[in-house]
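Numbers restart at 1 for each chain; the letters A, B, ... are given by sequence-line order, proteins then strands. Bear in mind the structure is a predicted one, so any value in this text is a computation, not a measurement.
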Number of protein chains: 2
Amino acid sequence: MNSLALLKSNKLSQTSSRIDILEVFLESDTGLTEKEIDERIDSKYDRATVYRTLKIFREKGIIHPIIAENEMTRYVLKKDPVEHIHFKCELCGNVFCLTEVNISGIKLPKGFIKKEANFLISGMCPGCN
Amino acid sequence: MNSLALLKSNKLSQTSSRIDILEVFLESDTGLTEKEIDERIDSKYDRATVYRTLKIFREKGIIHPIIAENEMTRYVLKKDPVEHIHFKCELCGNVFCLTEVNISGIKLPKGFIKKEANFLISGMCPGCN
DNA sequence: CATGTTTTTGCGACTTTGTTGCAAAAATAG
DNA sequence: CTATTTTTGCAACAAAGTCGCAAAAACATG
Ligand SMILES: [Mn+2]
Ligand SMILES: [Mn+2]
Ligand SMILES: [Zn+2]
Ligand SMILES: [Zn+2]
């Protein structure tokens, strides 16, 4: 996928910060924090700009967040819109989208209405194992 | 359950802050943030003390955390040691431990080793619905 | 229950994450 | 190219959480 086209299809203006940050995501297979993005772009842009970019990418559904304990929010490219579990390796720090794990069997008790779900399992990944 | 006995069985010294904070948990059926605990004890203790108390309660397994997006960590009494889903109502803010929902069907792909899981579903609870 | 030892607390200073208003700069539309 | 709209950098701020240290409280022991 190409960053310029991705911005265009989401009706976002093509500023160099958005292009660069999107390319960081396209080149990474790991969930990234603002800090890690900042490093990869060599602090070329202001922190506020990176945060604002993350926010708008999220609103457009280009990236999605991974919430873990005692950690800043990480973001990954949203490749698959299907709801899925995330796995975070405690050794290498990698975050995996486990789209192959079926979670459709989870049924809520009567009266509970689901809007969003956030499933995170942490442990050791195949690479570190 | 009585707070003094709970502290004793966990080999924690019986200080008034620990007793008071534990009683706040025993009287609440909702997940609580440090701030909310602070309000309920009328800021009787220093913020650092509350944080240190939460940390040690957690290490002892008396409480457990609920991690949600854009929110501070909430804690609830750990009534049931069985792994379960949490449900957070976006209207009333209540957090429910859905121990009746079976999540044993979730199997990780080969090579992934689970250590901890954090499942949070947000939406509307039966009371608000 | 007196006393010495250990643990916990309050205070303050600090770090980190994230947000916001505003003027300057860049992007876009015509 | 020019006018309009959007985005950026800067700086100041807020809120969550941590830490060292001296004072205070809890605990163990006789
Ligand atoms: Mn994912
Ligand atoms: Mn629970
Ligand atoms: Zn790994
Ligand atoms: Zn509710």
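- Summarising the geometry, atom CD belonging to A:E83 is positioned 11.0 Å from atom CG belonging to A:N102; distances are rounded to the nearest 0.5 Å.
- B:H64 places a side-chain heavy atom less than 4.5 Å from the side chain of B:V76.
- At a cut-off of 3.5 Å, with distance as the only test, no side-chain donor of B:S122 or A:E116 sits close to an acceptor on the other residue.
- A donor-acceptor pair under 3.5 Å is formed between the side chain of A:Y45 and the backbone N or O of A:S16.
- For the pair A:N70 and A:D46, both in contact range of DNA chain D, the more 5′-proximal nearest nucleotide belongs to A:D46.
- Here the nucleotide nearest the side chain of B:Y45, chosen from C:dG10, D:dA16, C:dT19, is C:dG10.
- Listed for the A:K35 side chain is no donor-acceptor partner under 3.5 Å among the backbone atoms of A:L32.
- We find that A:R47 and A:D38 are not joined by a salt bridge, their nearest charged nitrogen and carboxylate oxygen being 4.0 Å or further apart.
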*asked:* Using a 4.0 Å heavy-atom cut-off to protein, can you give one letter per nucleotide of nucleotides 21-30 of chain C, 5' to 3': B if the base is in contact, S if only the sugar-phosphate is, - if neither?
replied: B-----SS--
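- Separating the CG atom of B:L54 from the P atom of D:dA16 is a distance of 13 Å, rounded to the nearest angstrom.
- In the helix from C:dC1-D:dG30 to C:dG30-D:dC1, the terminal helix axes, each the rotation mapping four pairs' C1' atoms onto the next four within five end pairs, subtend 50°, rounded to 10°.
- The stretch residues 21-38 of chain A has no heavy atom under 4.0 Å from DNA chain D, so no residue of it qualifies as close.
- Defined by atom type and a distance below 3.5 Å, a donor-acceptor pair is missing between the side-chain atoms of B:S13 and B:T15.
- Using a cutoff of 4.0 Å between basic side-chain nitrogens and carboxylate oxygens, B:R74 and B:E36 are scored as salt-bridged.
- Residue B:R47 is in base contact, counting any heavy-atom pair closer than 4.0 Å across all strands shown.
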